[in-house]
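First listed ligand is number 1; within each ligand, the first listed atom is number 1.
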Amino acid sequence: MYAFAPNAGASTAEIHAELREAAVAITDNEPDGIANMANVAALLAEFLPDLNWAGFYRMVEGELVLGPFIGKPACIRIPLDRGVCGAAARTGTTQRVEDVHAFPGHIACDAASRSELVVPVIRGGAVIAVIDLDSPLPGRFTEEDAAGIEALAEAIAERI
Ligand code: SME
């Protein structure tokens, strides 16, 4: 067991910095991408409050396929023209959705989800995965969260 946890009273920026440091530390020298995604999913759930789903979809032969995550069982395959995840993977840009009910084509894997943040993981100019975070709170994810998860995606892109 690893005892990674955010410091009490840390700001959002500090939480993201600590999360990223923990992710870099736990994936250091480990070549297995699935093991690394599993530990990063666990860290996301550990560090970020008010989530009901946190994990990865991987780009496999032109569609997204479910990867390691914490949360309820989820849809396994997402075509790139569907959902928040598909939009992030197709465009290579972060999708920060304040109200998933207002997002055309949103795929409800957990009916409790109200807001969502999906960040592409880019390696060698190509989207190789997305990091998907869901929250039961509307408007849970700020621009600071988006920037923090983008920095995390960059930090682990060579390790998943
Ligand atoms: N809501 C996502 C699907 C994945 S689940 O949230 C885990 C989407 O619309 O792409």
Residues at least two apart in sequence or cross-chain that pass ring-ring contact (aromatic ring centres under 6.0 Å, His included) with F56, listed by chain then number, are none

Protein neighbours of ligand 1 with a heavy atom under 4.0 Å, given by chain and number, are W53, Y57, A74, I78, G83, V84, C85, H106, I107, C109, E116, D132, D134

Q. Taking NZ, NE, NH1 and NH2 as the nitrogens, is one of them in E98 or R96 under 4.0 Å from a carboxylate oxygen of the other?
A. yes

Across all chains, not counting sequence neighbours, the ring-ring contact (aromatic ring centres under 6.0 Å, His included) partners of F141 are none

Fill in: Flag for S135-R140: side-chain donor and acceptor within less than 3.5 Å
no

When every non-hydrogen atom of G71 is compared with those of W53, the smallest separation belongs to CA-CD1, 3.8 Å

In short, side chain to side chain donor-acceptor pair (under 3.5 Å) pairs touching residues 116-129 with sequence neighbours left out are H106-E116

